[in-house]
2 protein chains.
Amino acid sequence: MRIGELAAAVGVSPRALRYYEEQGLLRPDRTPTGHRVYPESAIERVHLIRLLLAAGLASRTIIDILPCLATGTIASAQLEMLKTEQVRIDSQIRSLERARERLADLISTSVVRDQAS
Amino acid sequence: MRIGELAAAVGVSPRALRYYEEQGLLRPDRTPTGHRVYPESAIERVHLIRLLLAAGLASRTIIDILPCLATGTIASAQLEMLKTEQVRIDSQIRSLERARERLADLISTSVVRDQAS
DNA sequence: CTTGCAGTTGACGTTGGCGTCAGGTCCTAG
DNA sequence: CTAGGACCTGACGCCAACGTCAACTGCAAG
């Protein structure tokens, strides 16, 4: 499939897909004229990339863990990285929960006041 | 208290405090010679600012809701903003939880492999 | 007085994840 | 043959939240 199709399939821009390739996250084949050709599996792969990027992992980190999907094996150094990221994500979740709670406090304790513009 | 003291008290850099002021989040008094002077309450205020920034709120948004703390009242437009932010935070938390789960999957299903180098 | 740390403003640098041209090529339909 | 999408490679733009000089002033201690 070509870049436009993949982009539509996963809901990202072609520019983003080229950027992922530039970062080493994707390695599409090329037609003789240089057009990118992606396998079906790229859809799943991009979804995972987006998920991890949204969770705050650096693309460098993602590069290291993507091979684990294909091989089903992982180096101990990468395993440590994954655990570190989990810890970071956990603390980020807690931070978000505190913020949400604080906003809820504000909402429940504030008196709504009419505001002309 | 001066900027260095406040910075140490809340664990941020003086530069960050000046930036918050530039953004309208803080309004310290000044000594006759121009040095910033913060009230004790600034500690609490900066903690809240950090919490909301960490939760992904824009400083412009924070500007609008900080007065609510002081007045205990809130305009209906700001109330809507707060609810919108809550929704955003909720979806962000869910996204993080999915990522964490995915990492846990990887950890539990991958075979740890020895790695020279 | 001077040493030296703390403070001031101003301005440019950084990082990530793309958006957005610009200028050219490829390919399919009519 | 030609029109017009879709694709290509640069390369510069953008935004937020500061970091990092630079060049200067303020101030307390010895």
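Here is how names work: the chains are called A, B, and so on, in the same order as the sequence lines, proteins then strands, and each is numbered from 1. As the structure is a computational prediction, the values presented were derived from the model and not from experiment. Computed from heavy atoms alone, side chains included, the values below leave out hydrogens, waters and symmetry copies.
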Inset, instruction - Round to a whole Å and report the spacing from CG of A/L17 to C1' of C/dT20. - result: 16 Å
Legend entry - Distance in angstrom units between B/R2 CZ and D/dT25 C1', rounded: 14 Å
Legend entry - Nucleotide nearest A/A16 when distance is taken to its side chain, options C/dC18, D/dG19, D/dC18: C/dC18
Inset, instruction - Rounded off to whole Å, could you give me the CD-to-P distance for the A/E22 and C/dC18 pair? - result: 12 Å
Legend entry - Whole-Å gap separating P (C/dG7) and CD (B/E21): 14 Å
Inset, instruction - Start with the C-alpha distance between B/L52 and B/I65, add both sets of side-chain angles, then the distance that settles side-chain contact (heavy atoms from CB on, under 4.5 Å), and finish with yes or no. - result: CA-CA 10 Å; B/L52 297 181; B/I65 70 180; 3.5 Å; yes
Legend entry - Polar side-chain contact A/R18-D/dT9 base: donor and acceptor under 3.5 Å: no
Legend entry - Spacing of B/L57 atom CG relative to D/dA17 atom C1', expressed in whole Å: 14 Å
Inset, instruction - Please state how far atom CG in A/L52 lies from atom C1' in C/dG17, giving the value in whole angstrom units. - result: 15 Å
Inset, instruction - For B/Y20, check side chain to side chain donor-acceptor pair (under 3.5 Å) against everything at least two apart and list the hits. - result: B/R50
Inset, instruction - Salt-bridge test for B/R88 and B/E85: reply yes if a basic N is under 4.0 Å from a carboxylate O, no otherwise. - result: yes
Legend entry - Side chain of A/R15 - closest among C/dG19, D/dA16, C/dG17: C/dG19
Inset, instruction - Ignoring backbone atoms, test whether B/S13 places a side-chain nitrogen or oxygen under 4.0 Å from the OP1 or OP2 oxygen of D/dC18. - result: no
Inset, instruction - Check whether any side-chain N or O of B/Y19 sits under 4.0 Å from OP1 or OP2 of D/dG19, and answer yes or no. - result: no
Inset, instruction - Look at atom CD of B/E97 and say whether more than 12 heavy atoms of other residues, nucleotides or ligands are closer to it than 6.0 Å. - result: yes
Inset, instruction - Would you kindly give the CD1-to-P distance between B/I3 and C/dC5, to the nearest whole Å? - result: 18 Å
Inset, instruction - Take atom CD of B/Q23 and atom P of D/dC18, then tell me their distance rounded to the nearest Å. - result: 10 Å
Inset, instruction - For B/R60, report the nucleic acid contact type (base, sugar-phosphate, nothing); a contact means any heavy atom under 4.0 Å. - result: nothing
Legend entry - Residue-level proximity of residues 26-36 of chain B to DNA chain C when a heavy atom falls under 4.0 Å: B/R30, B/G34, B/H35, B/R36
